[in-house]
Student: 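Structure below; questions to follow.
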Amino acid sequence: MILFKNAAYLGKTVDLLITENAEENTKMGFSFAEDDFHKHYQNYGSNYGKQGGRIVELKENITAPENCTVIDMAGKVLFPSLIDVHVHFRDPGMEWKEDINTGLEAALHGGYSHVFCMANTSPVNDNAGIVRYMLEKARNTHPHGPFLHPVAAATLGLKGEALTPLGEMAEAGCTVVSNDGVPLTSTEIVRRVMEYGSDLDMLFVDHCEDPFLARGAHMNEGKLSAKLGVKGQPDIGEALQVGRDIMLSEYLQIPVHICHVSCRKSLDLIRRAKERGVDVTAETCPHYLLLDENAIDNYNTNAKVNPPLRVWDDVLAMREGVKSGLIDCLITDHAPHSAQEKENPLDMVPNGISGLDTALTLLWKLVGEGVLTQEDIVRAYTVNPGKRFKVPYNSFAKGDVADFFFFDPSFEWVVNKENFHSKSANTPFLGQTLKGRVCTHYLGGKKVF
């Protein structure tokens with residue numbers, strides 16, 4: 001066993017005791033069933049299941065059992081490992097931006113145990129062969145985690161026309177289906193994806209954007225876009241499809257998860273839907289809690305994302321959404337691009353921020369400002385995504401999988417390519433000095449860095 005002493009957690013100083021192996025699990029009476037972990041348990045490493053470490057106890061002043069390793073973590077903050085349900089790893093096909101190895105390495109050092117990889121690879125993840133390739137590469141490069149979950153494309157080539165072979169992809173290892181950043185214009189296609197996916201226990205996740213209002217847009221529509229002479233995307237373009245998905249979910253009685261919400265109008269729709277009992281959940285990113293459209297002023301290409309950064313009133317709404325629980329999940333929407341791609345004019349650069357390296361540090365800044373609490377982060381970045389996306393998560397209850405890390409809040413570092421574990425460092429925080437970073441990480445009770 002290992003006993004970690006004197007760590008900070010939810011405002012208290014606590015000790016954490018974990019098991020490390022099957023013998024200790026048996027001694028503690030921990031049973032094992034594959035269904036307790038995941039229906040695709042074979043995707044995980046040997047440090048899960050019978051062999052994997054479990055949580056024994058989390059409280060103040062634990063007495064060390066006999067033959068127990070004791071580690072003092074004074075000054076460090078304890079977190080359960082995070083779960084990011086929306087990342088892009090560019091593998092296969094665009095490995096110069098990111099590959100599965102470097103993406104998982106960034107996730108590992110960012111504090112993540114599970115990541116769900118979107119389907120906009122090249123070729124698109126629209127068949128079982130690509131699913132198996134992604135899972136095999138993840139197992140070979142990171143056998144002890146973090147664990148990769150490929151998201152099945154909803155339509156072949158993400159073209160919005162013919163459905164993918166969802167049954168084959170579910171059997172190969174997919175539990176989530178999405179058309180990623182290519183909005184589905186056909187309501188009939190959306191309905192069929194939701195119905196077939198539901199039959200296969202696959203959650204439908206949707207990028208909500210009216211493709212007609214958003215066509216040719218590169219930022220939020222408003223006074224700043226008019227000043228810069230750049231075509232903007234109005235917030236109503238997001239809210240229209242949020243409303244459509246909610247109504248379909250309510251009519252079909254099938255769950256739906258709304259991607260990267262960015263504006264107050266969408267939140268109002270989600271709030272009313274939840275009040276009616278609709279099975280809808282939603283996510284947002286740190287950049288929508290920290291930045292408004294002014295970050296893209298002077299044509300800052302590293303602040304170009306989709307949906308775009310909105311106005312400050314939307315930032316305040318997103319913060320309240322996370323705080324109140326209206327926003328269920330925090331994500332990065334990790335979207336790595338090469339520096340050369342982001343050095344072009346604004347209307348020629350791709351959307352996206354490389355976020356796995358910086359997300360927790362940026363959220364901890366909001367904790368320091370009193371905007372969020374550690375409890376808010378744990379709820380939205382571990383517990384809720386674990387429940388909604390049906391993966392094992394650590395709530396620090398006895399018997400939970402021992403996925404956790406320690407965060408050093410005093411560690412200062414500069415946001416640059418040299419300090420990133422991702423291949424790409426396209427971020428509007430480039431060059432800034434931030435405070436706080438993950439210092440050690442355990443998955444299934446095994447120290448992974």
Side-chain angles (χ1 to χ4, degrees), residues 7-12 75-84 86-87 106-107 109-112 260-262 283-297 300 302-303 305 309-325 327 329-335 352-382 384-385 404-422 425-441:
Y9 182 65
L10 304 184
K12 297 180 180 179
K76 306 300 187 292
V77 181
L78 172 66
F79 273 91
S81 297
L82 311 178
I83 299 169
D84 196 325
H86 193 141
V87 302
H109 287 82
Y112 299 88
H260 41 52
V261 176
S262 70
E283 65 188 35
T284 196
C285 315
H287 44 269
Y288 298 120
L289 305 175
L290 287 154
L291 302 173
D292 67 7
E293 63 180 3
N294 289 304
I296 208 169
D297 203 359
N300 179 7
N302 276 325
V305 289
L309 299 171
R310 305 293 186 181
V311 298
W312 190 250
D313 180 66
D314 291 309
V315 174
L316 295 177
M318 300 312 301
R319 290 179 172 187
E320 178 55 32
V322 174
K323 187 73 179 172
S324 68
I327 290 291
C329 303
L330 286 165
I331 62 156
T332 57
D333 193 12
H334 178 74
I353 288 174
S354 179
L356 287 170
D357 286 278
T358 57
L360 184 58
T361 303
L362 295 171
L363 291 170
W364 193 252
K365 181 175 183 290
L366 292 177
V367 172
E369 294 172 358
V371 174
L372 298 177
T373 64
Q374 185 185 10
E375 188 174 8
D376 296 327
I377 297 173
V378 170
R379 181 187 67 249
Y381 230 154
T382 299
N384 286 350
F404 61 94
F405 62 87
F406 293 95
F407 181 83
D408 185 348
S410 65
F411 183 81
E412 288 192 354
W413 60 288
V414 178
V415 179
N416 57 34
K417 184 70 179 293
E418 291 70 31
N419 287 328
F420 264 43
H421 296 278
S422 170
N426 50 297
T427 169
F429 303 99
L430 201 63
Q432 294 186 23
T433 299
L434 300 180
K435 202 169 185 180
R437 206 164 194 188
V438 176
C439 57
T440 188
H441 196 173

Student: Looking at Pro428 and Asn300, what are the two nearest heavy atoms and their distance?
Tutor: CB-ND2, 4.4 Å

Student: Using side chain to side chain contact (heavy atoms under 4.5 Å, CB included), reason through Thr358 and Phe420 one step at a time and then give a plain yes or no.
Tutor: CA-CA 9 Å; Thr358 57; Phe420 264 43; 3.7 Å; yes

Student: Using side chain to side chain contact (heavy atoms under 4.5 Å, CB included), reason through Leu360 and Tyr381 one step at a time and then give a plain yes or no.
Tutor: CA-CA 10 Å; Leu360 184 58; Tyr381 230 154; 5.7 Å; no

Student: How close do Trp364 and Pro409 get, counting heavy atoms only, and between which atoms?
Tutor: NE1-CB, 3.7 Å

Student: Just verifying a value: how many Å separate Leu82 CG and Thr382 OG1, rounded to the nearest 0.5 Å?
Tutor: 5.0 Å

Student: With the side chain counted from C-beta on, respond yes when Tyr288 and Val261 share a heavy-atom pair under 4.5 Å apart, and no when they do not.
Tutor: no

Student: From the options Leu330, Ile327, Leu362, select the one residue that forms a side-chain contact (heavy atoms from CB on, under 4.5 Å) with Leu289.
Tutor: Leu330

Student: So do the side chains of Leu291 and Phe429 get within less than 4.5 Å of each other, counting heavy atoms only?
Tutor: yes

Student: Could you tell me which non-hydrogen atom of Tyr9 sits nearest to which non-hydrogen atom of Pro80, and how far apart they are?
Tutor: CE1-CD, 4.1 Å

Student: Quick test of your reading: applying side chain to side chain donor-acceptor pair (under 3.5 Å), list the pairs with at least one residue in residues 426-440, sequence neighbours left out, ordered by first then second residue.
Tutor: Asp357-Arg437

Student: For Pro286 and Ala359, which heavy atoms make the closest approach, and how far apart are they?
Tutor: CG-CB, 4.1 Å

Student: Check whether any side-chain heavy atom of His260 lies under 4.5 Å from a side-chain heavy atom of Val305, and answer yes or no.
Tutor: no

Student: Indicate yes or no for a side-chain donor-acceptor contact from Glu293 to the backbone of Val311 under 3.5 Å, with no hydrogens or angles considered.
Tutor: no

Student: Tell me, with the steps shown, if Glu369 and Lys365 meet salt bridge (charged side-chain N to carboxylate O under 4.0 Å, His left out).
Tutor: CA-CA 6 Å; Glu369 294 172 358; Lys365 181 175 183 290; 2.8 Å; yes

Student: So, taking the atom named CG in Asp84 and the one named SG in Cys285, what distance separates them when rounded to the nearest 0.5 Å?
Tutor: 8.5 Å

Student: First locate atom OG of Ser422, then atom NE2 of His334, and finally report the distance between them rounded to the nearest 0.5 Å.
Tutor: 4.0 Å

Student: So how far is it from Leu434 CG to Thr361 OG1, rounded to the nearest 0.5 Å?
Tutor: 6.0 Å

Student: Got a donor-acceptor contact below 3.5 angstrom from the Ser81 side chain to the Tyr112 backbone?
Tutor: no

Student: When the ring planes of His109 and His421 are compared, do they come out parallel, tilted or perpendicular, using 30° and 60° as the limits?
Tutor: parallel

Student: Does Gln374 use its side chain to pair, donor to acceptor, with the backbone of Phe79 at less than 3.5 Å?
Tutor: no

Student: Are any non-hydrogen side-chain atoms of Asp292 and Leu309 less than 4.5 angstrom apart?
Tutor: no

Student: Could you go step by step and tell me if Thr332 and Val87 meet the side chain to side chain contact (heavy atoms under 4.5 Å, CB included) rule?
Tutor: CA-CA 7 Å; Thr332 57; Val87 302; 3.7 Å; yes

Student: Once rounded to the nearest 0.5 Å, what's the spacing between atom NZ of Lys323 and atom CD of Glu375?
Tutor: 8.0 Å

Student: Using the rule given for side chain to side chain contact (heavy atoms under 4.5 Å, CB included), can you reason through Phe406 versus Leu78, listing the C-alpha separation, both sets of side-chain angles and the distance that settles it, and then say yes or no?
Tutor: CA-CA 5 Å; Phe406 293 95; Leu78 172 66; 3.7 Å; yes

Student: Who passes side chain to side chain donor-acceptor pair (under 3.5 Å) against Thr373, sequence neighbours left out?
Tutor: Asp376

